[in-house]
Amino acid sequence: MTKPRILVTGGAGYIGTHTAVELIGAGFEVVIVDDLSNSDLSAVEGVRKITGSDVPFVEADCNDPVAMDEVFAGHGFSGVIHFAASKAVGESVEEPLKYYANNVGSFVNILESMVRHGVQNMVFSSSATVYGQPDELPATEDTPRKPATSPYGNTKQVCEDILRDSVAAYPGLNGIALRYFNPIGAHPSALIGELPKGIPNNLVPFITQTAAGIRPQLSIYGDDYNTPDGTALRDYIDVVDLAKAHVVALERMTGSGMKSRYEIFNIGTGRPVSVLELVKTFEKVNGVEVPYTISGRRAGDVEAVWADTTLANSQLGWKAQRTLDQTLRSAWDWEKRLRNL
């Protein structure tokens, strides 16, 4: 019996590489497409080393319909996991047209290719940013979406709507949107991990680079929030746990588990952790110091958001497994290997 073949767009990126590893481990074949605009070919080599599989890689822009038609024509995919997107919130405020063209345009192009080639199953990489600052916490899948605080966040809302409408219009199409909370950590092998270009936009790479001496100090934005220690609360999910959620989502689609042809699931731990607690835990588990300073609040940041994961636990049969200690240890192991420390 041939293995189901999955197209992973943006598959050389942080979450894409970890998901490719978990898909291969679960018996899927994987084809990675990435334009390498915010990733590196070394990450694909990491996937190949971990899995012992010569994973096919195509360098192409998901906005290019001719290139995507060639990819779809040659492979007979069972499904697509769409990661390809620009993801820096601050940059999206400064360059909204880039974000709408890249994030929304590429998503429409991939869906059009799926419809043309009869590919039925789409897992979309969405985000908890669609909730903004929820009126009630934890956030469930029925929590109302707030107006986005950035063009990046708005592209996630728009793409969710496009997927919902496309599923309604095209009888063969199924869609699952996974709303990620805050992915952190690295693969236990330390062969793949988060690889930001330039100054990191995300907290944990900034922590690891500060611990490694690459950055002089970490800025914590705001210590006057209405939270136990004054710093913002987030739901930090291990990237390997997050990757596994994509596998069970695809298995749900390729089996007969879907309750409707378009579904949404929160992917988080359900446990709020403050920025300061994260820094202190990193220092404790790794035995290193992270110099930090308190800065003013950052525009667009919400005070607190974390997931109610009941639906993912009960319907997907998925639950976060890795502890915060394990995750932060893996992030430091990855940084040390990267810098030969």
In Å and rounded to the nearest 0.5 Å, what is the [atom1] to [atom2] distance from [X] to [Y]?
{"X": "Ser150", "Y": "Asp301", "atom1": "OG", "atom2": "CG", "value": "10.5 Å"}
{"X": "Lys87", "Y": "Thr155", "atom1": "NZ", "atom2": "OG1", "value": "13.0 Å"}
{"X": "Lys244", "Y": "Lys319", "atom1": "NZ", "atom2": "NZ", "value": "14.0 Å"}
{"X": "Asn286", "Y": "Arg329", "atom1": "CG", "atom2": "CZ", "value": "6.5 Å"}
{"X": "Glu95", "Y": "Tyr100", "atom1": "CD", "atom2": "OH", "value": "13.5 Å"}

message: As a test of understanding, state which of Leu203, Val275, Thr293 forms a side-chain contact (heavy atoms from CB on, under 4.5 Å) with Leu218.
response: Leu203
field: Among Leu163, Leu173, Asp165, side-chain contact (heavy atoms from CB on, under 4.5 Å) partner for Tyr262
entry: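 Only one option passes, and that is Leu163.
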Under 3.5 Å, is there a donor-acceptor pair between the side chain of [X] and the main chain of [Y]?
{"X": "Glu289", "Y": "Glu283", "answer": "no"}
{"X": "Lys156", "Y": "Ser125", "answer": "yes"}
{"X": "Asp241", "Y": "Arg322", "answer": "yes"}
{"X": "Thr309", "Y": "Ala312", "answer": "no"}
{"X": "Arg234", "Y": "Asn182", "answer": "no"}
{"X": "Asp235", "Y": "Ala307", "answer": "yes"}
{"X": "Trp334", "Y": "Glu194", "answer": "yes"}
{"X": "Arg116", "Y": "Asp69", "answer": "no"}
{"X": "Asp61", "Y": "Asp35", "answer": "no"}
{"X": "Thr231", "Y": "Leu276", "answer": "yes"}

Just so I know, are the side chains of [X] and [Y] near enough to count as touching, which here means a heavy-atom distance under 4.5 Å?
{"X": "Tyr236", "Y": "Leu328", "result": "no"}
{"X": "Ser86", "Y": "Lys98", "result": "yes"}
{"X": "Val80", "Y": "Phe72", "result": "yes"}
{"X": "Asn201", "Y": "Phe206", "result": "no"}
{"X": "Ile24", "Y": "Ile50", "result": "no"}
{"X": "Leu278", "Y": "Ile207", "result": "yes"}

NZ/NE/NH1/NH2 to OD/OE distance under 4.0 Å, [X] and [Y]:
{"X": "Asp224", "Y": "Arg297", "result": "yes"}
{"X": "Asp229", "Y": "Lys280", "result": "no"}
{"X": "Asp161", "Y": "Arg164", "result": "yes"}

task: Take the angle between the ring planes of Trp332 and Phe282 and call it parallel below 30°, perpendicular above 60°, tilted in between.
output: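 If you compare the ring of Trp332 with that of Phe282, the planes turn out perpendicular.
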task: Would you please classify the geometry between the Tyr14 ring and the His18 ring as parallel, tilted or perpendicular, with 30° and 60° separating the classes?
output: perpendicular
Nearest non-hydrogen partners of [X] and [Y], listed with the distance:
{"X": "Ala20", "Y": "Ile32", "value": "CB-CD1, 4.2 Å"}
{"X": "Val44", "Y": "Phe57", "value": "CG2-CD1, 3.9 Å"}
{"X": "Cys62", "Y": "Asn109", "value": "O-ND2, 2.7 Å"}
{"X": "Phe107", "Y": "Phe124", "value": "CE1-CD1, 3.6 Å"}
{"X": "Arg5", "Y": "Gly76", "value": "CB-O, 4.3 Å"}
{"X": "Val33", "Y": "Ala60", "value": "CG1-O, 3.8 Å"}

message: Go through it in stages, so that I can follow the logic: the residues are Thr281 and Val273, the test is side-chain contact (heavy atoms from CB on, under 4.5 Å), and I'd like the CA-CA distance, side-chain angles, deciding distance and then a yes or no.
response: CA-CA 10 Å; Thr281 304; Val273 174; 5.9 Å; no
message: Between Val21 and His187, does the side-chain contact (heavy atoms from CB on, under 4.5 Å) criterion hold? Intermediate values first, please.
response: CA-CA 9 Å; Val21 167; His187 194 268; 3.9 Å; yes
Any side-chain donor-acceptor pair under 3.5 Å between [X] and [Y]?
{"X": "Thr327", "Y": "Asp238", "value": "yes"}
{"X": "Ser106", "Y": "Asn63", "value": "no"}
{"X": "Tyr152", "Y": "Asn103", "value": "no"}
{"X": "Thr323", "Y": "Asp325", "value": "no"}

query: Using links of under 4.5 Å between side-chain heavy atoms of ILVMFWY residues, direct or through other members, which residues join Leu233 in one cluster?
result: Val130, Tyr131, Leu137, Phe181, Val302, Val305, Trp306
field: Step-by-step side chain to side chain donor-acceptor pair (under 3.5 Å) determination, Ser42 to Asp40
entry: CA-CA 5 Å; Ser42 63; Asp40 194 275; 2.8 Å; yes
- request: List the steps, then state whether side-chain contact (heavy atoms from CB on, under 4.5 Å) holds for Thr310 with Thr140.
  value: CA-CA 8 Å; Thr310 303; Thr140 75; over 6 Å; no
- request: Under the ring-ring contact (aromatic ring centres under 6.0 Å, His included) rule, what do His246 and Tyr180 come out as? Steps first, then yes or no, please.
  value: CA-CA 11 Å; His246 295 79; Tyr180 313 161; 5.4 Å; yes
- request: Name all residues meeting the salt bridge (Lys or Arg N to Asp or Glu O under 4.0 Å) criterion together with Glu335; count only those two or more places apart in sequence or in a different chain, and write none if there are none.
  value: Arg339
query: Going through the checks in order, is the salt bridge (charged side-chain N to carboxylate O under 4.0 Å, His left out) test met by Glu141 and Arg179?
result: CA-CA 9 Å; Glu141 288 79 0; Arg179 289 175 176 167; over 6 Å; no
message: side-chain contact (heavy atoms from CB on, under 4.5 Å) for Glu263 and Gln315? Distances and angles first, verdict last.
response: CA-CA 10 Å; Glu263 296 179 332; Gln315 295 292 318; 5.8 Å; no
